[in-house]
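Report on one structure; see the data block that follows.
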Amino acid sequence: MRQLKEECGVFGIFNNKDAAALTALGLHALQHRGQEGCGIVTFDNKNFYAERRLGLVGDNFTKGKILEKLPGGYAIGHNRYSTSGNNLIKNVQPFFANLHTGGIAIAHNGNLSNAIHLRKELVKEGSIFQTTSDTETIVQLIAKSKRSKIIDKIIEAIFKIQGGYALTIFTNKKLIGVRDPFGIRPLVIGKINNSYVLASETCAFDIIGAKFVREVDNGEVVVISENGIDSFKPFPKIKERPCIFEYIYFARPDSIIKNVSVYEYRKKLGASLAKESHIESDFIVPVPDSGVPAAIGYSEEVKKNIELGIIRNHYVGRTFIEPTQQIRSLGVKLKHSINKSLIKNKSLILIDDSLVRGTTSVKIIKMLYEFGAKEVHMRIASPPIKHPDYYGVDTPDKKELLASKLDLEGMRKFINATTLRFLSIEGLYKSMGYEKRNSSYPQFTDHCFTGEYPVEPVDANKKSFEKEGLSFLSSKL
Ligand code: AMP
């Protein structure tokens, strides 16, 4: 079984009479970050309330009187994305625990690269885990800390964890936001009237009419209370290295990162791709939706038309959401169909943002040929993914990554494209506004392409909890 990997969306709001409803809306805007489960925890100055569900926010948090079960002016929320078999309600966040300092609710986006290591230590010391999620390790570490103040407990815990994490925490009438020392996973601060809001991306502010205030810095802990925002920077100062994949694939195109929309970044990736590897053809076809901004940038660069040669059915989730390869393959067919009358006898440039296992490309190219395409020139708006991620991107095993198994020609044959080209690393950095990649301290976490990990992936060769037999509790609960 593959390790649990998560790329999720988090949200939090402080002191607003519509806290639960606004959180549901924020999570709805962040739905692209995780579709397996969602949850909201609220606080009404006395008690905590939690509702967690499998499935989409819109299907769950609009039904019946669910929001009435979430009273109070304080809320955090979570969208879950996991690709392991553990699509179980007990793994749906926010997690809640009663500490001697009071209740604490916590939502996590990312993945801890030493969670297995820490969990083994904690279990040895007597901790009992209720879930198979790495996030529970954080809860256990906070609970075990001997510090008296909750903020010091949290800081002690984050000194022990490694990897990618953006956390929203609610405890003791404080909304706390935490971002890992490299800022691998995103977290932004907004404001609606007098209420501060935390979210994974700015698109969650737009839906509720909140204004963007600023990003949480890498390694920063922000504490939002009646007194406003306090900032703690417990780690030694280092330059940030955000995950390049947020720009390439994860974030919603209308989200803003560093004053630039993700859409603009993706168009630039497409334009660089065109500069590097354009080939004559009848028109450009994006793989919807992920390839669309790059295809627009490509098309503008070479002044060639885009045609919607592939139509996407929007009622099917992302292909990766499905846990087995067999269902994933079927998922691509359910998700994409060919605009037949357009394709026949045409030679086309097919653009997608990334190639991971090759599942999408194989299916789409096969369908394009079935409907009479003459040539399919596949262009990928990011470099080949050769290395697994341990900080929250779903690329778990090296052996599943097409580019780690095959060279360019091997990949071309595998997906059966007429030609295949990827954006170069140099092109990637240029598109992001840098002259070149800083080889001694890269501007981004780009280990998926380069194999240079910012934090040692301690768990890389460790067996998962399940294999170690440490999950007996979870399977029986
Ligand atoms: P694959 O079909 O395995 O080659 O994956 C590539 C497709 O999945 C592309 O269309 C991407 O937009 C999308 N994709 C890339 N990375 C991820 C990820 N970590 N999770 C889900 N989908 C992804």
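Counting starts at 1 for both ligands and their atoms, in listed order.
Closest of all the heavy-atom pairs between H377 and T419 is ND1-OG1, 2.7 Å. Looking at every heavy atom in both residues, R266 comes nearest to A251 through NH2-O, 2.8 Å.
The heavy atom nearest to atom 4 (O) of ligand 1, out of those in P288, S290, G358, A294, is found in G358.
When non-hydrogen atoms are compared, ligand 1 lies under 4.0 Å from the backbone of V356 as well as from its side chain. Only the side chain of D353 comes within 4.0 Å of ligand 1, judged by heavy-atom distances. The parts of T359 lying near ligand 1 are both backbone and side chain, judged by heavy-atom distances below 4.0 Å.
Those atoms of ligand 1 with a heavy atom of F245 less than 4.0 angstrom away are 16 (N). Set against the non-hydrogen atoms of R357, the atoms of ligand 1 under 4.0 Å away are 1 (P), 3 (O), 4 (O). Close contacts between ligand 1 and V393 involve ligand atoms 19 (N) [criterion: under 4.0 Å to a heavy atom]. Of all the atoms in ligand 1, the ones that sit under 4.0 Å from a non-hydrogen atom of Y81 are 20 (N), 21 (C). Applying the 4.0 Å criterion to heavy atoms of F250 picks out, from ligand 1, the atoms 19 (N). Those atoms of ligand 1 that come under 4.0 Å of a heavy atom in T360, given as number and element, are 1 (P), 2 (O), 5 (O), 6 (C), 7 (C). Close contacts of ligand 1 with L355, meaning ligand atoms under 4.0 Å from a residue heavy atom, involve 4 (O).
Relative to the six-membered ring of F129, R119 meets both conditions, a distance below 6.0 Å and an angle of at most 45° to the axis. Geometrically, R241 engages Y441 in a cation-pi contact, judged by NZ or CZ lying under 6.0 Å from the ring centre and within 45° of the ring axis.
Under 3.5 Å, the side chains of T418 and E375 contain no donor-acceptor pair of N or O atoms.
Sorted by first and then second residue, the salt bridge (Lys or Arg N to Asp or Glu O under 4.0 Å) pairs involving residues 268-280 (not counting sequence neighbours) are E280-K304.
Ligand 1 has no N or O atom lying under 3.5 Å from any N or O atom of S361, backbone or side chain.
Ring orientation note: the planes of Y265 and Y247 are nearly perpendicular, at an angle over 60° on the 30°/60° scale.
Once rounded to the nearest 0.5 Å, the distance linking CD1 of I365 with CE of M378 reads 5.5 Å.
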